[in-house]
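Remember, it's a predicted structure, so these values are computed and weren't measured experimentally. Chain identifiers are assigned alphabetically (A, B, ...) following the order of the sequence lines, protein sequences preceding nucleic acid strands; residue numbering begins at 1 within each chain.
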2 protein chains.
Amino acid sequence: MSTEPDISADNDEIARRSIGARRNPASQEAILDAAQAVMQEGGIAGFSIEAVARRARAGKPTIYRWWPHRTALMLDVYKRFKNARSFPDSGSLRSDLISFLEDHLLGFWQGSLCGTVYRAVVAEAQTDPEAAKVLKAYQAERLAYSAQMVDRAKARGEVPAATDGELIVDLVVSYAWHQLLLGQIDDAIARVPTVIDTILGGVRGYRE
Amino acid sequence: MSTEPDISADNDEIARRSIGARRNPASQEAILDAAQAVMQEGGIAGFSIEAVARRARAGKPTIYRWWPHRTALMLDVYKRFKNARSFPDSGSLRSDLISFLEDHLLGFWQGSLCGTVYRAVVAEAQTDPEAAKVLKAYQAERLAYSAQMVDRAKARGEVPAATDGELIVDLVVSYAWHQLLLGQIDDAIARVPTVIDTILGGVRGYRE
DNA sequence: CTCCAATCGAAACGATACGTTTCGTTATAT
DNA sequence: ATATAACGAAACGTATCGTTTCGATTGGAG
C-alpha cells in the first residue's frame, strides 16, 4: 500500500531561512514531515511540539504561528493521507456500506499511521475543548457527506425515502470508532459483512 | 440524583500522619475524594497527580505507591459511582435495550462526573498501553455480561437462538461511546428509541 | 520492651514540555 | 527605500513528571 506520503526525501537541504513576509512552504512541509515521522517513531505519547520542531529544524514559534493547537497539526497530518478517496458507489447500498466500513474506515486505519493519528486526535478532543469543537465539526461534515450513500439508495428505490440516512451511517461509524479505540481493528475487519447485514436487516426473525 | 459519593465532609481533620507500617485508609479516601474534586472542578485537562496531592494534602509518593498509573486512580474514582446497578430485565428486549442505552450508558454519563471520568479513561487508553489493556478487558467483560439481555430474549423466543447477542450489544455500546466522545450525550438521549428500533428492526422496507 | 520496617507528609531533585518573548536575518510588498 | 512579516535560534518562567531524600510515626517481630 502506498497510502503513506513519502517522507524519505529527508531534510538534507541547507538550513531554511525566511523567504520574506510570507509563509515558507518548505518549512510547512518539513514540519508536517517531521510530525508524521515523530508520530511514526514515538507513537502518540512521544508526540510533542518540541519534538516536531527539533525534527524539522524549525522554530517553535513557526509551528505555533500556523497551527494554534497540537490537534490542528495532527489533523493536518491525518488529512495528508485522506487524499481524494472516491466514495463507494457500486449501485447497491449493502456493498457501498461494506466498502465504506472495510476500506474507508477500518482498512484505512489499519496498519498505516492513520489509525494512530486518528486515535490521538480523538484522545486530544477529550482534553482540549477547542480540539473537541474541530473534531465534532469534522465528524458532522463527514456524516452528512457519507449519508449520500443512503440518498442514492433512496433514489434507486432500495430503501424508503423516510429512512434516516445519517443514523445508518452513524451506526457504522460508531462501530468503527469503538473498534479503533479499543485497538481491535484486525478482528473487526473480519466481521464487516455481518455488521452491515445486521445494521441493514436488523435482528433476523425479531418479533416486534 | 444521588449517584455521586459525598465529598462534602471535606478534610477539616487534622493533618494525617503515618499510622505505622501499613496503609492509612484515611489517606486513601482523602486522595480519592481529592481526585474526584479535582476532576469535577478542572475537568480532564486539570487532572494531575500534583493537583490531587495538593488537594488531598498528601505526598506524591503516597499516591504513586498505591496507584501505578494515573489511569488506575481515575478508574477507582469511576468505580465509586458504579455501585450495584441492577440490570434491566423488563421481559422485552426492546425496552431492556432502551433502558440499557438510556439509563446505564448515556444517562449514567450525563450530568454526573462519570461521563467526564470515562472520557478521560478512554483518552488515556490511547496513550498508555497499560491503560488500553485494562480498558479492553473491562469492555470485554461488560460486553459478555450485557449480552445476557439478548440471551433472555432468546429464552423467551423473542429472537432466534442464532442471534449474535454480543454484536447487538456492541452496536448499542458503540453508539453510546461515539456520542460520549463527541460530547453529544444530551442530543443522543432524545434519539434512544429510534436508535434501538433501528438496531433491532434494521432499515424498514429495505429490500435485500 | 526493644528495635526493625513500612508508612506518612514534606520538600527538593533533574528532566521534559508548555507557550511566549526576544533577537538578528531575510526577502516580499508597498 | 522602507515597512512588514516570516524565519531559525535561544532563552524565558511555569507546570508536571516520577524519583529521591528526610524526619516523624507506629504496628509488629524478636
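- Dashed line: the shortest gap from a side-chain N or O of R22(A) to OP1 or OP2 of dA29(C) is not under 4.0 Å.
- Of the candidate nucleotides dC17(D), dT19(D), dG8(D), dT19(D) has the atom lying nearest to any side-chain atom of P61(B).
- Between the side chains of Q179(B) and D170(A), at least one donor N or O sits under 3.5 Å from an acceptor N or O.
- A sub-4.0 Å separation between OP1 or OP2 of dG9(C) and a side-chain N or O of T62(B) is present.
- Contact check, R57(B) against dG9(C): no side-chain N or O comes under 4.0 Å of OP1 or OP2.
- Of the candidates N24(B), L73(B), I49(B), V77(B), I31(B) forms a side chain to side chain contact (heavy atoms under 4.5 Å, CB included) with just one, namely L73(B).
- Along DNA chain D, the nucleotide closest to A51(B) and the one closest to G20(B) are compared, and the more 5′ of them pairs with A51(B).
- Contact annotation: Q28(A) side-chain N/O to dC7(D) OP1/OP2 distance is under 4.0 Å.
- Ranking dT16(D), dA17(C), dT20(D) by closeness to the R54(A) side chain, first place goes to dA17(C).
- Look at R17(A) and you won't find any side-chain N or O under 4.0 angstrom from OP1 or OP2 of dG24(C).
- One atom, CG of L73(B), and another, P of dC17(D), lie 11 Å apart when rounded to the nearest Å.
- Shortest non-hydrogen contact noted between A131(B) and T71(B) is CB-OG1, 3.5 Å.
- Applying the 4.0 Å criterion to OP1 and OP2 of dT16(D), one finds that R70(B) has every side-chain N and O outside that range.
- Counting only heavy atoms from C-beta on, R65(B) has its side chain closest to dC8(C) among dC18(C), dA6(D), dC8(C).
- None of E41(A), R80(A), R55(A) except one satisfies the side-chain hydrogen bond (donor to acceptor under 3.5 Å, both in side chains) rule with Q36(A); the exception is R80(A).
- Between Y64(B) atom OH and dG9(C) atom P the separation is 15 Å, expressed in whole Å.
- Atoms CG (N24(A)) and P (dT26(C)) sit 14 Å apart, rounded to a whole Å.
- Summarising the geometry, the separation between CD1 on I63(A) and C1' on dA10(D) is reported as 15 Å, rounded to the nearest angstrom.
- Between the CD1 atom of I49(A) and the C1' atom of dT20(C) there is a distance of 14 Å, given to the nearest Å.
- The separation between I19(A) atom CD1 and dC7(D) atom P is 8 Å, rounded to whole Å.
- Checked by distance alone, K60(B) brings a side-chain donor or acceptor within 3.5 Å of a matching partner on the base of dG18(D).
- A 6.0 Å sphere centred on CD of E29(A) holds no more than 12 heavy atoms belonging to other residues, nucleotides or ligands.
- Whole-Å rounding puts the E50(B) CD to dA15(D) P distance at 10 Å.
- Comparing F47(B) and A21(A) along DNA chain D, the residue whose closest nucleotide (by nearest heavy atom) sits nearer the 5' end is A21(A).
- In this model, the phosphate group of dC8(C) is approached by a side-chain N or O of W66(B) to a distance below 4.0 Å at OP1 or OP2.
- Atoms CD1 (I31(A)) and C1' (dG8(D)) sit 11 Å apart, rounded to a whole Å.
- Distances shown here put a side-chain N or O of S27(A) below 4.0 Å from the OP1 or OP2 atom of dG8(D).
- In summary, of the residues considered (Y78(B), Y118(B), W177(B)), a ring-ring contact (aromatic ring centres under 6.0 Å, His included) with W109(B) occurs for Y118(B) alone.
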